[in-house]
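What follows is one structure encoded as structure tokens, with my remarks underneath.
Positions are given from 1, in the same order as the sequence printed here. Nothing here was measured: the structure is a model prediction, and the numbers come from that model.
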Amino acid sequence: MRFGRRETAIFFPARHLARPLDQHDFRLRARLETELGDLIDRKDARLDLITSTKAWITAALCRSASLDIEDAASDFGISLRSFQRKLSECGVNYADIRNSVRMQIARSMLASTSLQIPLISQYLGYSEPSAFCRSFKHLTGDTPAGYRQRRVN
């Protein structure tokens with residue numbers, strides 16, 4: 001077994017694949033093959049790139065990790081250019097996804113906590129509170145303080 005990588009996997013020699021099992025259940029094998037085939041065929045079970053990127057950004061924020069696009073591309077196991085191209089094919093760019101996630105979390109924090117705006121700004125990875133306030137106003141049309149006041153009252 002190998003740990004500490006993107007996938008945890010069990011490795012064994014390929015010659016073992018052709019080796020017959022001493023005790024096997026043909027019905028169980030058929031059922032497992034059917035279930036695995038269904039899982040592979042079900043494309044809706046796979047997360048799309050945008051949803052995966054949003055989840056990655058949310059997880060990075062929870063860890064107070066870097067939100068840089070280079071880090072995202074690396075964690076997805078593709079080059080920066082390929083990552084940008086794939087997002088472009090989906091009709092979005094990384095900055096828009098990052099800002100969307102940040103605003104969703106910001107709205108929630110402003111409405112449901114009493115954390116000070118500078119702390120929320122820091123949590124969301126902004127360089128300074130004024131950058132957060134400008135971004136929030138640009139994306140929502142309201143200031144963080146104004147949003148909080150209207151949500152509380």
Side-chain angles (χ1 to χ4, degrees), residues 1-17 31-153:
M1 296 189 89
R2 294 184 185 168
F3 297 96
R5 296 176 180 230
R6 274 206 177 82
E7 299 95 18
T8 301
I10 299 174
F11 293 91
F12 53 89
R15 67 180 181 275
H16 292 299
L17 292 173
R31 194 177 101 221
L32 288 174
E33 284 178 352
T34 301
E35 288 179 19
L36 288 173
D38 290 346
L39 283 173
I40 291 169
D41 291 340
R42 238 187 301 146
K43 292 182 181 181
D44 62 322
R46 293 183 178 167
L47 292 174
D48 63 86
L49 183 60
I50 296 170
T51 304
S52 298
T53 303
K54 286 179 178 180
W56 182 89
I57 291 168
T58 303
L61 286 169
C62 289
R63 296 186 320 266
S64 298
S66 168
L67 297 178
D68 293 338
I69 188 172
E70 294 84 5
D71 295 320
S74 175
D75 283 355
F76 278 97
I78 56 179
S79 72
L80 172 61
R81 182 66 193 117
S82 293
F83 186 57
Q84 290 170 323
R85 191 178 321 107
K86 288 178 184 294
L87 287 173
S88 180
E89 289 169 4
C90 294
V92 296
N93 66 52
Y94 180 77
D96 290 342
I97 296 172
R98 183 193 62 213
N99 290 337
S100 168
V101 170
R102 280 175 157 173
M103 288 306 110
Q104 183 178 4
I105 294 170
R107 283 187 202 104
S108 177
M109 292 178 83
L110 289 166
S112 62
T113 73
S114 59
L115 286 174
Q116 295 178 351
I117 291 171
L119 286 176
I120 294 173
S121 164
Q122 182 180 11
Y123 173 78
L124 295 173
Y126 284 91
S127 58
E128 55 188 51
S130 62
F132 166 64
C133 292
R134 278 191 308 275
S135 181
F136 191 89
K137 180 155 178 97
H138 173 74
L139 294 170
T140 67
D142 202 357
T143 64
Y147 180 85
R148 173 176 272 164
Q149 187 176 17
R150 275 183 268 304
R151 295 294 293 182
V152 172
N153 294 332

Please find the pair of heavy atoms, one from [X] and one from [Y], that lie closest to each other, and give the distance.
X: S121; Y: P129; answer: OG-CA, 3.4 Å
X: W56; Y: D68; answer: CH2-O, 4.0 Å
X: F132; Y: P144; answer: CE2-CG, 3.6 Å
X: I78; Y: K86; answer: CD1-CD, 4.0 Å
X: S66; Y: A60; answer: O-CB, 3.9 Å
X: R148; Y: S114; answer: NH2-C, 4.0 Å

**Q.** Pairs flagged by side-chain hydrogen bond (donor to acceptor under 3.5 Å, both in side chains) wherever residues 135-144 is involved - sequence neighbours left out
**A.** Y126-S135, D142-R150

Nearest-0.5 Å distance that lies between atom [atom1] in [X] and atom [atom2] in [Y]:
X: L139; Y: R102; atom1: CG; atom2: CZ; value: 10.0 Å
X: I117; Y: Y147; atom1: CD1; atom2: OH; value: 12.5 Å
X: I97; Y: I50; atom1: CD1; atom2: CD1; value: 5.5 Å
X: S88; Y: R81; atom1: OG; atom2: CZ; value: 7.5 Å
X: I69; Y: T53; atom1: CD1; atom2: OG1; value: 9.0 Å
X: Q104; Y: L124; atom1: CD; atom2: CG; value: 11.5 Å

**Q.** Set of residues satisfying side chain to side chain contact (heavy atoms under 4.5 Å, CB included) with respect to L119, sequence neighbours excluded
**A.** L115, Q122

Q | Heavy-atom neighbours of E70 CD exceed 12 at 6.0 Å | A | yes

Side-chain contact, heavy-atom cut-off 4.5 Å: [X] with [Y]?
X: C62; Y: Y123; value: yes
X: I57; Y: L61; value: yes
X: N93; Y: L87; value: no

(Q) Which residues pass the side-chain hydrogen bond (donor to acceptor under 3.5 Å, both in side chains) test with S82, not counting sequence neighbours? (A) S79

Q. Within the distance-only criterion (no hydrogens, no angle test), does the side chain of N99 pair as donor or acceptor with the backbone N or O of A95 below 3.5 angstrom?
A. yes

